[in-house]
Colleague: 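Sharing a structure, written as structure tokens. Questions coming.
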Amino acid sequence: MSTARRLLVEGASDAVGFVGGALAGFWAGRLLGWDLFAEGYGTASIAGIVLVGLGGGLGLHLARRWRAARANDKEN
């Protein structure tokens, strides 16, 4: 795979993983009644922010694991 294509796949998969995970965290918070955009910084708002951050990090991690597994499959 060319360097440009590898970098494009890396960047796109990282972006999709992060945004997808952050959205999953956002909607999980909404289901729990934690309003990320509530006025002020109450406990529910902070919990919503934390869920979005954790979701984004988890999504990014899963995207990188997917990319590593895909690279291992191509080597074998």
Side-chain angles (χ1 to χ4, degrees):
M1 180 183 305
S2 70
T3 302
R5 180 161 168 73
R6 183 182 53 79
L7 290 174
L8 180 63
V9 168
E10 182 178 339
S13 65
D14 280 355
V16 168
F18 179 79
V19 171
L23 284 172
F26 171 76
W27 287 111
R30 295 287 290 182
L31 286 172
L32 293 170
W34 299 341
D35 188 7
L36 170 68
F37 300 111
E39 207 169 305
Y41 287 107
T43 304
S45 180
I46 296 294
I49 292 168
V50 167
L51 267 181
V52 168
L54 288 173
L58 181 62
L60 180 61
H61 179 73
L62 290 174
R64 289 180 177 176
R65 285 189 63 162
W66 170 78
R67 209 168 48 243
R70 188 170 170 235
N72 285 339
D73 286 344
K74 286 187 177 187
E75 289 177 3
N76 295 331

Colleague: Do L54 and F37 land in one hydrophobic cluster if side-chain heavy atoms of ILVMFWY residues count as linked below 4.5 Å?
Modeller: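 Cluster IDs for L54 and F37 match.
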Colleague: What is the distance from atom CG of L58 to atom CZ of R65, rounded to the nearest 0.5 Å?
Modeller: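 L58 CG to R65 CZ: 10.0 Å, rounded to 0.5 Å.
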Colleague: With heavy-atom distances below 4.5 Å as the criterion, would you say the side chains of R6 and T3 are in contact?
Modeller: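 Yes - at least one pair of side-chain heavy atoms lies under 4.5 Å apart.
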Colleague: Measure the CG-CZ distance between L62 and F18 for me, rounded to the nearest 0.5 Å.
Modeller: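 The CG atom of L62 sits 13.5 Å away from the CZ atom of F18.
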Colleague: Using every non-hydrogen atom in the two residues, find where L51 and A28 come nearest and quote the distance to one decimal.
Modeller: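 Heavy-atom minimum between the residues: CD1-C, 4.2 Å.
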Colleague: Just to verify, what does S13 make a side-chain hydrogen bond (donor to acceptor under 3.5 Å, both in side chains) with, not counting sequence neighbours?
Modeller: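 Scan of S13 (side-chain hydrogen bond (donor to acceptor under 3.5 Å, both in side chains), adjacent residues dropped) gives R67.
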Colleague: Which heavy atom in S45 sits nearest to a heavy atom in G40, and how many Å separate them?
Modeller: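 Heavy atoms of S45 and G40 come nearest at OG-O, 3.7 Å.
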Colleague: So for atom CZ, which belongs to F26, do other residues, nucleotides or ligands contribute more than 12 heavy atoms lying within a distance under 6.0 Å?
Modeller: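 Yes, CZ of F26 has more than 12 neighbouring heavy atoms, counting only those of other groups under 6.0 Å.
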Colleague: Can you tell me which residue pairs pass the side chain to side chain donor-acceptor pair (under 3.5 Å) test with a partner in residues 26-40, sequence neighbours excluded?
Modeller: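 Sorted result for residues 26-40: R30-D35.
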Colleague: How long is the straight-line distance from CD1 of I46 back to CG of L36, given to the nearest 0.5 Å?
Modeller: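 Spacing of CG (L36) from CD1 (I46) equals 9.5 Å.
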